[in-house]
Amino acid sequence: MTEVKKTFPIRGMHCASCVRVTERALKKTPGVKDAVVNLATAKATVTYDKDNCTPEQLAQSIAKTGYTLELEEKSEEVQKKEKQKELAKLRTKVIASLITGVLILWGSFPGLINTAPEILKNFFVQLLLATPIQFWAGAEFYRATIPALKHRTANMDTLVALGTTVAYIYSAFVTFFPHIVMNLGVEHMPYFDVAVIVIGLILLGRYFEAKAKAGTSDAIKKLIGLAAKTARVLRQAQDKLSEIDIPIDQVQINDVIRVRPGEKIPVDGTILEGESSIDESMITGESIPVDKAKGDTVVGATMNKSGTFIYKATKVGSDTMLAQIIKLVEEAQGSKAPIQRLADLVSSYFVPIVIILALLTFGAWYIFGPQPAFLFAMLNTVAVLIIACPCAMGLATPTAIMVGTGKGAEHGILIKDAESLEIANKIKTVVFDKTGTLTNGKPKVTDIIPMSVILSKRSEAEDLNEILRLTQNDILRIAASLERGSEHSLAEAIVKASEEKNFSLAKVEKFKAIAGHGVEGVADKQQVFLGNRKLMEKEKVDISFARSDLERLEEEGKTVMMLAIDGKLAGLVAVADTVKESARSGVEALQKLGIEVVMITGDNKRTANAVASKLGIKRVFAEVLPQEKEKILKQVQNDNGRKIVAMVGDGINDAPALAAADVGIAMGTGTDVAIEAADITLINKDLRSVASAITLSKKTMRTIKINLFWAFGYNIILIPVAMGVLYPFFGILLNPIFASVAMASSSISVVSNSLLLKRYKI
Amino acid sequence: MKPMTIDKLIVTIFSLAGMAFTYWFFLMKKEEVVSVTDSVDIIVEGGYAPNTISIPKGKTTKINFVRKDPSSCLEEVVLGDFKIRKYLPLNQKVTVEVTPKVKGEFGFACGMNMFHGKIKVV
């Protein structure tokens, strides 16, 4: 028996009784062990024996109740095949129309006609050649136009259908009734070539456009493709633990999974046993593999490089980081940029206006144009209908947004929506939160200075033989022994430093923590104090000869603790939150873009200034309480006029400040909270990505502006040319065939320009 | 000035009437609003039918798009205000869920922004 659990959408349910009916029907189906139907999600989760029951049987059972159980949704593969089939069909139509078009052109174009075989010059033969192209290859224009007209709407297909039909019908009329046309004083010349070649060229444009457009959603396809297909889960079976491979959608929270070298990590979780180096570049964009061991979190879809490990699944299905990223990118690609508003407005009136302009062109040329007025009027009308290209306007913004947001996602820069992307382009100031953003947020012991070092700089020697013998390691061991009992974050740093050195700590008696001062106790039979200046003053320990070292360390942004043994200073221990490796280059990259960098922190001024000067940050707000961050942001936004300000934080502690900024940038997390609060989430923890995100936004906006310029410019310039406004001055008219070349290339140029964004290196 | 010949007069009338008709036909159509409570099927064929729906604020409404039109123009639907862009396979129901938080009018359109529909949140 192979038991599987699957979820199927059920259509047609609208009340609780529907749930009961469908559940009963499913449970009655042979082979079904359990079935739960959820009305809210309209989905049935069925546990069934794969050997005795198929999804089709489930569908049949549901069908009998009057509802519909949808079998698996069309997979990417099926969609891809469908698209390929469509493209192949389009290609056939393009080739057939263009070959036919060239043949007709050969038999009718003034310069070429003399070289053409007689048969091609026959109008009836031309009609015979043009008819299938008009109604087979051009069928899709009609198929789109007729239902659209029923809804009193129109689109580009309407224009092409109108334009080519006018040319075709006129030509057919000339073929059948040449005398009537001649009597009207018009040369009896058909224009089948115009209809056929225009159809061919527009379909050709559509073919290339479809191919290029597919490239704009590559990023999402790549992300979806990253997911692992199966997981090797450890399951208890008959008193022993066995490994089974199960499909990824059946992995549950708390499942224990084994991952071997070279395998993909299936879902998010925490390592229980083993260690390894993991390549997370596909999610974070960070190229160097990360070493992970017991207790560390791993992310689904990343690649295990070297070791084997066992881990517990903590997030599955749509909760995994990859699923969240995909959702975010999909949402961003579906969102609308404010810059698009004008194009939106224009496009809703565009096609009817072009039809009105075409009618105006016909009337004006017929009434005021030279002879043969009818021919001029007709050809110019067709040119106007054909040259108008609303597609380019429609594609200008979304294609660039799709490529831009996708490009960001590939490098660990998640942009929430098109609006954030657009605003990010105007950022003038970036405010960084210090702790946990510019620094690692985990204090570390940076300096240990024994008395021997302090005194070596001084001329006088004192009788401190005992203490002078203490080394850095001794100082750290005694300090850690004492701090083991403390809960202070600085204490944690000292204990951790001694753990790294595997010291066996001394037993401490009479331990006491003195709030705001430090700690004291008896270790190795000696009275030991560890704390700040206040503690030393209280205990009357002379620290005068260590003052210069003290000040130096504090000016470097470190917190200094003094260790006194039996009333004498034994050494200094400095603890500091270390600055992230990428912090300085991240700040420099922003300054190079001409962006002001500001730091905001709750730390004291001396420490804050020390960190800021190390990073090249000139403007610092220190001793800021968490609730004041928002106020400071407003102040920065409004000095020297309204500026667009971005706030960079960890996304969890400073969510209100991120929300108050024009652009909230959350660093180094993929948690739901951060993604919700931030406009841009940087999952790669690299501070240089702040500048990269801004540059990406600038490049995307530039692409959009170029696209809109071309799309609008193209229509604004070429429609009047097609109408013949240049004719009275320069005798210039636009042949409908050239109009179709221009039209076909306009959409392609817009999409291709958007695709150029892919070349930008982050 | 020469008087206008009959054919020119006919063409003038035809052009002006055509322009007026085009304006009336496409730009002055009456909006028919379909009121939706839970879910609605929108047929995608030469546009969206129904074209304008009204849905309640704060409630999740399912909008099922069924594309019957092979035109590639309609193969995607974009509900920009709700951050939704969906590929619509031919003759298959694609459901999108929206939970509007504010009242107002929100447009949706095809991927090329040529066919438009409207969601009125009341």
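Here is the naming used below: chain letters follow the sequence lines, and residue numbers restart at 1 for every chain.
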Could you go through residues 389-400 of chain A and list every donor-acceptor pair under 3.5 Å that involves a side-chain atom there, pairing it with any protein atom two or more places apart or in another chain?
residue : atom : partner : partner atom : Å
A/T399  : OG1  : A/L395  : O            : 2.6
A/T399  : OG1  : A/S754  : OG           : 2.8

Between A/E140 and chain B, which part of the residue has a heavy atom less than 4.5 Å away: side chain, backbone, both or neither?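 Neither part; nothing is under 4.5 Å.
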
Chain B contact via A/E419 - which portion, at a heavy-atom distance below 4.5 Å: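 It is neither, since no heavy atom gets under 4.5 Å.
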
A/D157 vs B/M114, side chain to side chain contact (heavy atoms under 4.5 Å, CB included): CA-CA, chis, key distance, verdict: CA-CA 10 Å; A/D157 296 280; B/M114 264 184 282; over 6 Å; no

Could you check if a side-chain atom of [X] sits within less than 4.5 angstrom of a side-chain atom of [Y], using non-hydrogen atoms only?
X      : Y      : value
A/N155 : B/M112 : no
B/H116 : A/S347 : yes
A/K416 : B/K83  : yes

Could you list the donor-acceptor pairs under 3.5 angstrom formed between side-chain atoms of residues 352-373 of chain A and any protein atom two or more places apart in sequence or on another chain?
residue : atom : partner : partner atom : Å
A/T361  : OG1  : A/L357  : O            : 2.6
A/W365  : NE1  : A/M723  : O            : 2.7
A/Y366  : OH   : B/D7    : OD2          : 2.6
A/Q371  : OE1  : A/A373  : N            : 3.3

I need the minimum non-hydrogen distance between B/R85 and A/G334, along with the two atoms involved.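 Residues B/R85 and A/G334, closest heavy atoms: CB-CA, 3.5 Å.
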
For A/L149 and B/F25, work out which heavy atoms get closest and say how close.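 Scanning both residues, the minimum pair turns out to be O-CZ, 3.3 Å.
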
Who passes salt bridge (charged side-chain N to carboxylate O under 4.0 Å, His left out) against B/E31, sequence neighbours left out?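 By the salt bridge (charged side-chain N to carboxylate O under 4.0 Å, His left out) rule, B/E31 matches B/K118, B/K120.
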
Under the 6.0 Å and 45° cation-pi test, does A/R152 pair with B/F26?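 Not satisfied by the 6.0 Å and 45° rule.
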
Residues of residues 202-213 of chain A contacting chain B, heavy-atom criterion under 4.5 Å, by residue number: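 If one takes a 4.5 Å heavy-atom cut-off, the residues of residues 202-213 of chain A near chain B are A/R206, A/E209, A/K213.
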
What residue in A/E86, A/K336, A/E330 has the most heavy-atom pairs under 4.5 Å with chain B?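 So the answer, after comparing A/E86, A/K336, A/E330, is A/K336.
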
Got a donor-acceptor contact below 3.5 angstrom from the A/H151 side chain to the B/P50 backbone?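 Side chain of A/H151 to backbone of B/P50, a donor-acceptor pair under 3.5 Å: no, none is there.
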
